Amino acid sequence: CAWVSNGSPPQTGALTVYGRLRINGAAQTGQAMESSWHFQNRISACSAVTGSDGISSCRRIFVNEPAGFQVNIDVVIGGYTVNTWFTPK
């Protein structure tokens with residue numbers, strides 16, 4: 001699964017995306033997480049590695065994203081792809 005630190009941030013700021021990988025209930029440690037952030041005029045990426053709890057996170061800074069524009073984030077961990085998003089207010 002994946003989620004963001006704030007689903008409705010201001011138009012300028014920083015945000016963290018989290019990814020978690022569990023297989024049959026067991027946290028998967030040391031798995032690479034790649035994320036692609038689809039801003040209105042660009043795509044930005046960041047990566048991280050899952051910890052002992054199976055959770056990884058990475059942070060992006062953004063400036064003047066349009067209010068109401070949904071920024072989609074594709075998260076890939078261990079070959080599994082999930083999506084999350086946020087919408088600046």
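The structure presented is a predicted model; accordingly, all values stated were derived computationally and were not measured.
Residues Lys89 and Gln11 come closest through the heavy atom pair O-CG, 3.3 Å. The shortest non-hydrogen separation linking Pro88 to Glu65 is CG-CB, 3.8 Å. The nearest pair of heavy atoms linking Gly54 to Ala27 is N-CB, 3.6 Å. Shown here for Ala14 and Ile61, the closest heavy-atom pair between the two residues is CB-CG1, 4.0 Å. When all heavy atoms of Leu15 and Asn6 are compared, the closest pair comes out as CD1-O, 3.3 Å. Ala2 and Val75 make their closest contact through CB-CG2, 3.9 Å (heavy atoms, listed as atom of the first residue, atom of the second, distance).
Looking at Val17 and Met33, their side chains come closer than 4.5 Å, going by heavy atoms from C-beta outward.
Among Ile73, Val76, Asp74, Thr84, the one residue that satisfies the side-chain contact (heavy atoms from CB on, under 4.5 Å) test with Ser35 is Ile73.
Judged as a disulfide bond (SG atoms under 2.5 Å apart), the pairs with a partner in residues 48-89 (not counting sequence neighbours) are, in order, Cys46-Cys58. For residues 30-58, there are no ring pair (Phe, Tyr, Trp, His ring centres under 6.0 Å) pairs, not counting sequence neighbours.
Counting only distance, with no hydrogens or angles, the side chain of Ser57 and the backbone of Thr16 share no donor-acceptor pair below 3.5 Å. A side-chain donor-acceptor contact under 3.5 Å links Gln28 to the backbone of Ala26.
With sequence neighbours left out, Glu34 forms a side-chain contact (heavy atoms from CB on, under 4.5 Å) with Ser47. Under the ring-ring contact (aromatic ring centres under 6.0 Å, His included) criterion, Trp3 pairs with Tyr18, sequence neighbours left out. Phe62 meets the ring-ring contact (aromatic ring centres under 6.0 Å, His included) test with Phe86; sequence neighbours excluded.
Tyr80 OH: 12 or fewer foreign heavy atoms inside a 6.0 Å radius.
Connectivity analysis of hydrophobic side chains (ILVMFWY, heavy atoms under 4.5 Å, direct or indirect) links Trp85 to nothing; its cluster partners are none.
Between the CG atom in Asp53 and the CG atom in Leu21 there is a gap of 11.5 Å [rounded to 0.5 Å].
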